[in-house]
Amino acid sequence: MVAALVAGALFTKQLLWTPISVINMADIVTNQFKMSNAAFVGTDKNGEPFKLRARVGYQEYDSPDIVYMDTVSGTVSRVMGGAKIIDNIVAKQGQYNRKNKTITLMGDVRVDSSNGDKLRTDELVIKL
């Protein structure tokens with residue numbers, strides 16, 4: 001038992017003396033707010049629902065209103081000509097700007113709508 005206490009004290013001392021130059025602060029700051037299997041749900045200005053899922057979602061200190069997303073999928077509902085249309089969306093990356101109420105999708109963006117429309121593009125901005 002005494003050996004465990006001495007070993008614990010030495011181990012603690014070693015941790016306390018870790019040089020700060022060894023720690024990568026840029027990596028800590030960038031990944032401070034990181035989420036796995038993130039989901040974002042809300043309604044647009046017309047009260048229509050949207051759902052987004054991302055394999056990884058994260059925020060950065062310099063832009064707290066933007067949620068950056070990797071491997072994005074989801075649905076956006078809209079009404080056109082009195083009919084409700086649901087758009088199924090897939091993209092490699094995305095940015096959800098909570099302040100501006102926009103979703104910017106990038107990289108192999110695919111939109112398949114319930115009315116049969118299909119859209120393929122490199123970038124798409126959705127105003128909520």
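Results of the side-chain contact (heavy atoms from CB on, under 4.5 Å) test with I89 over V72, L52, L105 single out L105 as the only residue that passes.
Minimum interatomic distance between T104 and M106 (heavy atoms only, all atoms of both residues): O-CE, 4.0 Å. Nearest approach of S114 to K84, heavy atoms of both residues: OG-O, 4.2 Å. A pairwise comparison of heavy atoms in V109 and A91 identifies CG2-CB, 4.0 Å as the closest pair. Contact between M35 and F40 at its shortest, heavy atoms only, is CE-CZ, 4.2 Å. Closest of all the heavy-atom pairs between R78 and S113 is NH2-OG, 3.6 Å. Between Q95 and M69, the shortest heavy-atom contact is N-CE, 3.9 Å.
Between D65 and K101 there is no salt bridge, since no side-chain N of the basic residue sits under 4.0 Å from a carboxylate O of the acidic one.
Here the NZ-CG distance, from K92 to D122, works out to 9.5 Å after rounding to the nearest 0.5 Å. To the nearest 0.5 Å, atoms CZ (R110) and CG (N88) are separated by 11.5 Å. The line from CG of L124 to OG1 of T102 is 11.0 Å long, rounded to the nearest 0.5 Å. Atom-to-atom distance recorded for T43:OG1 and F50:CZ is 7.0 Å, nearest 0.5 angstrom. Within the model, atoms CG of N46 and CG of L128 stand 10.5 Å from one another, a figure rounded to the nearest 0.5 Å. Between K127 atom NZ and I103 atom CD1 the span is 12.5 Å, to the nearest 0.5 Å.
For the pair Q59 (side chain) and P64 (backbone), a donor-acceptor distance under 3.5 Å is present. Of the possible donor and acceptor atoms, one in the side chain of N115 sits under 3.5 Å from a partner among the backbone N and O of D117.
A single hydrophobic cluster is seen to contain both Y68 and V56, as judged by linkage of ILVMFWY side chains at heavy-atom distances under 4.5 Å, directly or through other members. Side-chain heavy atoms closer than 4.5 Å link hydrophobic residues (I, L, V, M, F, W, Y) into clusters, and following such links, possibly through other members, connects L119 to V76.
Atom CG of D62 has 12 or fewer heavy atoms from other residues, nucleotides or ligands within 6.0 Å.
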